[in-house]
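No experiment lies behind these values; they were computed from the predicted model shown. As the structure lists them, so they are numbered: ligands from 1, and atoms in each ligand from 1.
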Amino acid sequence: MKLNQNYANLKDSYLFSTIAKKAAAHIEANSNAEVIRLGIGDVTRPLPAAAIEAMQGAVTDMSQAATFKGYGPEQGYPFLREAIRDYYATKGVTLDANEIFVGDGAKSDIGNILDIFAKDNNVIIPDPVYPAYLDANVMDGRPIYYIQGNEENGFLPMPGAIEAQNIKPHIIYMCSPNNPTGATYNKEQLKAWVDYALANKAVILFDAAYECFITNDSLPTSIFEIEGATKCAIEICSLSKVAGFTGVRCGYTIISKELVVDGTSLAAMWLRRQTTKFNGVSYIVQKGAAAALSPEGLKQCRENVEYYLENAKLISKTLTELGIWHTSGNAPYIWLKCPQGLSSWEFFDKLLAEANIVGTPGAGFGSCGEGFFRLSAFNTRENVEKAMERIRKVF
Ligand code: PLP
């Protein structure tokens, strides 16, 4: 018996444990400190009423023999796949419900989709970005190459960054709007990526987890808004941010029938993988997800999204007044440049010590995040207002 030696190459993720330890030590040393946490990427508002009612109805279904459900279809119930298809129709994207695969969240699919790719594929990962892309590929031992996001390119690296390194791209991760920077690709930029992937026979894994926060109507919320994407991209998304399902767990992956590599359909491979290793998302959760994506449910989701976006605006307004460089607008995150030339962790310490605020050091999302910092808008209005007052006093 041999273990997967690739696990030895994983770097311990100290980010959130270090944050928690530092915050706990601060609270212990300052018994009266009322710490406000603007570090967490998790929703805080309750689920939309439509989802709650539907899940309660689904529990009742389970209580009666006539409506009881056992194993469901591995790909997801047709009612949910059709609701997702209709949600995409509102974006102007036409999908067949058979191209939609329901899962238990974006994180699982981001890792699991790698089962259908060879382990010697070159993987391209933006820096900074959501850390799961990196670790899922380290576990498989794939060669990993970074493309840099920085102030100059608006944290939106373009294909030239791969060409400059003379790498043959196979799997390209994209996250738009990006976690942590909130940077969002426009249509021309995404078209350039799609054209590049097609020309190089690469596959784009497009993480659209934050699509619901895009406020600028001209920006694409799905890569399938771009011509040619059906032949080179897989989109992974979830109900976590749009409907507050982080604790409920429901997501989906979209693979077009047109995505074919050397005569093999990637959708067929993914279906084979899922029917072998996955037994579907619970009926109750799928009922809730479909209700959240109904017209009434989406109205309720929108109210929550607007609430977070209003928090983000308050944070942005304060930073603008203080002359602190930052990006905001299409994400529940504010990405700021640490003032006074501080490093990410120095700024973390200062904010905690002087303002009793916890944020997330940008360096935790990749080396290009050093010198930057992420503030989250997932909180109550009251806490955000209080936190901004404190930041004004300190800076
Ligand atoms: N993708 C990105 C960019 C994220 O930031 C997150 C979670 O914060 C996820 C995926 C995971 O989402 P899910 O809750 O659907 O697993």
[atom] [closest protein heavy-atom partner, distance rounded to 0.1 Å]:
atom: atom 11 (C) of ligand 1; result: Y130 OH, 3.3 Å
atom: atom 7 (C) of ligand 1; result: K241 NZ, 3.4 Å
atom: atom 12 (O) of ligand 1; result: A106 CB, 3.9 Å
atom: atom 14 (O) of ligand 1; result: S240 OG, 2.6 Å

- Pi-cation contact, F79 with K287 (under 6.0 Å, within 45°):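 Judged by the rule (NZ or CZ under 6.0 Å from the ring centre, within 45° of its axis), K287 counts as positioned above F79.
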- Message: Using a 3.5 Å distance criterion without hydrogens, assess whether the side chain of S108 forms a donor-acceptor pair with backbone atoms of D104.
- Response: no
- Between F101 and Y252, does the ring centroid distance fall short of 6.0 Å? no
Cationic N near anionic O, under 4.0 Å, [X] to [Y]:
X: K257; Y: D96; value: yes
X: E321; Y: K317; value: yes
X: E346; Y: K350; value: no
X: E74; Y: R273; value: no

- Message: Does ligand 1 come near enough to D207 that some N or O of the ligand is less than 3.5 Å from an N or O of the residue?
- Response: yes
- Query: So is there a nitrogen or oxygen of Y333 less than 3.5 Å from a nitrogen or oxygen in ligand 1?
  - Reply: no
Check ligand 1 against [X] and write out every atom of the ligand that is under 4.0 Å from a heavy-atom position of the residue.
X: R249; answer: 13 (P), 14 (O), 16 (O)
X: G105; answer: 15 (O), 16 (O)
X: C175; answer: 3 (C)

- Location of contacts on Y210 toward ligand 1, heavy atoms closer than 4.0 Å: side chain
